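Note that this is a predicted model, so its numbers are computed, not measured. Naming: A, B, ... by sequence-line order, numbering from 1 per chain.
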There are 2 protein chains.
Amino acid sequence: MAPVRNGRVIFKEIPTGYPEPGKHTVYEDSNTIDLDNVPLNGNVLVKSLVLSVDPYLRSKMRDPKEPSYQEAFTLGEPLYTLGIGKVVRSENKDYKPGDYVHGLMNFEEYTIPKHILMKVTKEAGLLWPVYIGAAGMPGQTAYYAWKEYSQAKKGEVAFVSGGAGPVGQMVIQLAKLDGMKVIASAGSEDKVRECKEAGADIAFNYKDVSTEEVLKKEGPLNVYWDNVGGPTLDAALGATATHARVIVCGMISEYNNKNGTNLKNLWTVFGRSLHIHGFLVFDLAPKWQEDFYKVVPQKIASGELKHREDITKGLENVGQALVDVQRGNNFGKKVILVADD
Amino acid sequence: MAPVRNGRVIFKEIPTGYPEPGKHTVYEDSNTIDLDNVPLNGNVLVKSLVLSVDPYLRSKMRDPKEPSYQEAFTLGEPLYTLGIGKVVRSENKDYKPGDYVHGLMNFEEYTIPKHILMKVTKEAGLLWPVYIGAAGMPGQTAYYAWKEYSQAKKGEVAFVSGGAGPVGQMVIQLAKLDGMKVIASAGSEDKVRECKEAGADIAFNYKDVSTEEVLKKEGPLNVYWDNVGGPTLDAALGATATHARVIVCGMISEYNNKNGTNLKNLWTVFGRSLHIHGFLVFDLAPKWQEDFYKVVPQKIASGELKHREDITKGLENVGQALVDVQRGNNFGKKVILVADD
């Protein structure tokens, strides 16, 4: 077969603020690929179906000399992310043409995955986008750490910051399934509504009301799921019950913070015997992945767990999607639909 | 038998700074007790042998309306602490005259314990003071939390702040028994020497050298045992290895801190998947107490675990001893020897 077009998104220039489409990230459609003859070196060739766009990708668009817990993207090379691909050709006996794989893949129409996490079988009634959202990494992030660290008990109180994000929404639902009272915060009225739709008993816009006062009234907190850090973390520490668990998923306010964070309530760590846990989802996978795929896709298919994806069609729109998730303009998990199955 | 003298130490006045003996804490020898007839109401009467003087007692010398994790002392009543007493008379079938009990007791020659923790049998070769030090609450604090949270592995690195205190010294020794490299900090040359005698590989005076630089050179840290909080905690967070454990025993710098603490390295909690644990020794007792009394007194008697007590004779000197531990003028665990066995 003759080579076919292989559109892709290149990391062209290091941004200082938001990454500008066409400048820092560039879609190229001039590239081609020979599907029958491209060397695989023991790997597989996949057709990209859906690719994930997440806030953390911004932290990879930097000078590789700056230290970070995330590896930097390489200038001139395609950006990459987690996605679902359909195997077209294989030199690995574990995967055969027609299999679906979940892994780390370039923003490319056809690609050799950088790393395959697993083979995926689709639950009846679900579409592929959900497998990089509620049934993918964000869902796993919420599920693994909730199961590992929350020690949730019926009737206890949980607070989730960033409650409208794909992780936050899953955490709200898991806490409700465990019989907890759930408080959630977000940064707009639309997002507050999202938190309520996910099941939060109390949801508020932290830009309009004092987090401290809401928590004083609705707490004390047995679990705090932290997506934001900074003053919200401090308010949550101040509102903890004895033996509370703090699960630190991320601290969006710390990513570009050179001045440090002032905590008035640090004493609660010993004064109230708190447990604070940072984690990386991949570290918890060996223990919880099997359980996750047994439970979550089925609960999503049955409607017991809700999910929402914000789908953008075509690799040519990746640049704008990257900016949208930085600005919080997405409404649900941002997914790039590259091709139909 | 006629009533006998029952000297005691009264909480007379709430101090603002250091508690002045004779003003805020007052020794009274005018009180008497009828050992045969004092009503016990189902409790026991003990002769006080040794009583513990600890920094945290200061936090109980306050207006009871100020919230704290410690119950306040009552004005006009005796101060109380952990101690060892010998049962003189008993209305409790679990204890008989001649038994030794470890519990919460007034600073009094004869007293009815507020709360008995347990009956104690002395290991051959040990003296009672060690049972409120290395084989008592400070030793238990170190042992329980180290066993529960350190996940110590041979060859890893531990940092202990406040390394010369009775808890810190035990932690240094437990870390060495687990085959770790141990860094310890303290606030004077004498105390640095104490840390080294306890087995620390590296010990330094944080007033003379930069904690940050020592940790940069000797780390990264797998375990940080925090006795102090503040900038030392921040430096330790900055020097952590991935998956490090931070055990927060106390934060002496936070006790009177109204301004909060600025942390530059808070991001390490998620960036390096840290686990931070606050705890109260009594919460961990059900799991570890039996193990502790099986292992620790025997290792102290054999010389495998070192200990040091700073003994003050007589209840009339309790006031000064309380000030000494606040100023850090004690050299080892401060113990009041009330009476010989």
Undergrad: In Å, rounded to the nearest 0.5 Å, how long is the span from CZ of A/Phe270 to CD1 of B/Ile276?
TA: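 Output value for this atom pair is 13.5 Å.
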
Undergrad: Select one option (side chain, backbone, both, neither) describing which atoms of A/Asp283 are under 4.5 Å from chain B's heavy atoms.
TA: side chain

Undergrad: So does A/Gln326 have more than 12 non-hydrogen atoms from other groups sitting under 6.0 Å from CD?
TA: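 Enclosed.
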
Undergrad: If you round to the nearest 0.5 Å, how far is OG1 of B/Thr242 from CG of A/Leu280?
TA: 8.0 Å

Undergrad: Which class fits the ring pair A/His275 and B/Tyr149: parallel under 30°, tilted 30 to 60°, perpendicular over 60°?
TA: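 Correct class here is tilted.
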
Undergrad: One pair to check against side chain to side chain contact (heavy atoms under 4.5 Å, CB included): B/Leu266 and A/Leu263. What are the steps and the verdict?
TA: CA-CA 10 Å; B/Leu266 191 60; A/Leu263 295 180; 4.3 Å; yes

Undergrad: Could you tell me which non-hydrogen atom of B/Val269 sits nearest to which non-hydrogen atom of A/Val248, and how far apart they are?
TA: CG1-CG2, 3.7 Å

Undergrad: Taking atom CD as the centre, does A/Gln289 end up with more than 12 heavy-atom neighbours from other residues, nucleotides or ligands that are less than 6.0 angstrom away?
TA: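 Atom CD in A/Gln289 is packed in, count exceeds 12.
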
Undergrad: Tell me if the NZ atom of A/Lys153 is crowded by more than 12 foreign heavy atoms within 6.0 Å.
TA: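 Atom NZ in A/Lys153 is packed in, count exceeds 12.
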
Undergrad: Report which part of A/Leu274 has an atom under 4.5 Å of a heavy atom belonging to chain B: side chain, backbone, both, or neither.
TA: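 It is the backbone, since no side chain atom gets that close.
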
